[in-house]
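The block underneath contains the structure these notes are about, expressed in structure tokens.
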Amino acid sequence: MLKGKTIILGVSGGIAVYKSVELLRLLTKAGADVHVVMTASAREFVTPLTFQTLSGNPVHTELFNLYQEREIGHISLADRANLFVLAPATANLIGKVAQGLADDLLTTTLMATKAPVLVVPAMNTNMYENLFYRHNEQKLRDAGYHLLDPVHGDLACGWAGQGKMPDPQDIIIAVENVLTTKDLQGCRILVSAGPTREEIDPVRYLTNHSSGRMGYAIAAAAHRRGAQVTLVAGPCQLPPPAGVETISVVSAQQMYDAMIGCYDAADVVIKAAAVADYRPVKRRKEKMKKKNASACLDLEKTTDILAELGRCKKKQILIGFAAETEKLVEHATKKLISKNLDMIVANDVLAPGAGFDVDTNIVHFLHRDGRAEQLELMSKTAVAEQLLDRVCSAWQKNNRPDIKQP
Ligand code: PMT
């Protein structure tokens, strides 16, 4: 998403400047062309050379510097930018921007840009709560600037409270959010992810290899694109995606209850979870003892949640996944039809780089009208984006009866 994007990173003077170095590294790693503008105070904390080396571009520091002006020109830089990020943004910088002051290179370049601006404040907690500061911050919000709130924690000044600059990874998520077109604004999407656990006794359970990455990637991407997202997640080790309502469940029955409870309010349902097909008939209260050389478990089928959603479908766009190890398209097509789906995402979980517990996937999109698309190996985030492109056009058709169907 950040590949080829021109980003200006405006750095003002605070101890959090060291985190901006890591932010720059992550931005350039993601393919962005980053131009750093530093204030004089920022240069007291880290030298321009560090930013220059990591960005591969000259660092801009002086408003009246003929050499720099001839080379780049702050106005042309401001024109070319896809995004302006102020990180860290000090109380002083935010105060100047709120008053419309442009007395150094950073504030001048900022005033000259029409690009979206992401402001990442970092300061002492008392400064952050100061009335004048709050007033200035509100002015920026009212002007349409995007603000990423500082987090709570121990501050360099010895205080503890809100004021710390968020982790660079979280700033990257905010950057992607700002740069994403909100084409799913108004769409309510229900996603399921991860495995379920079916308890045998207090120490053992039946489960599978799902890590939740596929479903979490869909939930995060849908949120980025402006959807209102609810994620029903089985036991996973992943942090809940920011801005997504996450309901944690353990068993197939709990996942069923949560999905049914949210179903009526959903426009789109995407079921990426790997639900256990069977559970023990009886959960033992005590740990099973090793008495014999072999043991048998009596199992019963869990409810097929997706089939049930398909049965009582009204206007929802219903999408399932199929985890197959043979006859991928044939088996997935059967599921598409028998579960009354609009689309199924089929993955061969034995193929290298696909399926369970990896960052990538190889999928086929099989549509209800018989269309089939085969995608290359790509990250699960890229699969999520591709899937949501299809979701978006289907949802827009459903929601805009004024557009004549061909
Ligand atoms: O979580 P990751 O590690 O990222 O791995 C991703 C994934 C491999 C889990 C994902 O890409 C995937 O394939 N998910 C579906 C797994 C699965 O259960 O497939 P299935 O073919 O057994 O089931 C078909 C569909 O019915 C699925 O949408 C499933 O959620 C649903 N189902 C199945 C059984 C059941 N009792 N209730 C259901 O709703």
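Count residues from 1 along the sequence. Order of listing sets the numbers, starting from 1, for every ligand and every atom in it.
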List for me each residue that meets side chain to side chain donor-acceptor pair (under 3.5 Å) alongside [X], sequence neighbours excluded, and say none if there are none.
X: R368; answer: N340
X: N177; answer: none
X: T113; answer: none

Under 3.5 Å side-chain donor-acceptor pair for [X] and [Y]:
X: Q386; Y: R390; value: yes
X: E22; Y: S20; value: no
X: N136; Y: Q99; value: yes

Could you go through ligand 1 and note, for every N or O atom, any protein N or O atom closer than 3.5 angstrom, writing the atom names and distance to 0.1 Å, or 'none'?
from, atom 1, to, atom 2, distance (Å)
ligand 1, 1 (O), S210, OG, 2.6
ligand 1, 1 (O), S211, N, 3.2
ligand 1, 1 (O), G212, N, 2.8
ligand 1, 3 (O), S211, N, 2.8
ligand 1, 3 (O), S211, OG, 2.6
ligand 1, 3 (O), D357, N, 2.7
ligand 1, 4 (O), R213, N, 3.3
ligand 1, 4 (O), M214, N, 2.8
ligand 1, 4 (O), K380, NZ, 2.7
ligand 1, 5 (O), G355, O, 3.4
ligand 1, 11 (O), N347, OD1, 2.6
ligand 1, 13 (O), N347, OD1, 3.4
ligand 1, 13 (O), N347, ND2, 2.9
ligand 1, 14 (N), A272, O, 2.9
ligand 1, 19 (O), A323, N, 3.3
ligand 1, 21 (O), A323, N, 3.1
ligand 1, 21 (O), K335, NZ, 2.5
ligand 1, 26 (O), K339, NZ, 2.9
ligand 1, 28 (O), K271, O, 2.8
ligand 1, 28 (O), F321, N, 3.1
ligand 1, 28 (O), F321, O, 3.2
ligand 1, 30 (O), K271, NZ, 2.9
ligand 1, 30 (O), A273, O, 2.7
ligand 1, 36 (N), T302, OG1, 3.3
ligand 1, 36 (N), T303, O, 3.0
ligand 1, 37 (N), I305, N, 3.1
ligand 1, 39 (O), K271, NZ, 3.0
ligand 1, 39 (O), I305, N, 3.4
ligand 1, 39 (O), L306, N, 2.8

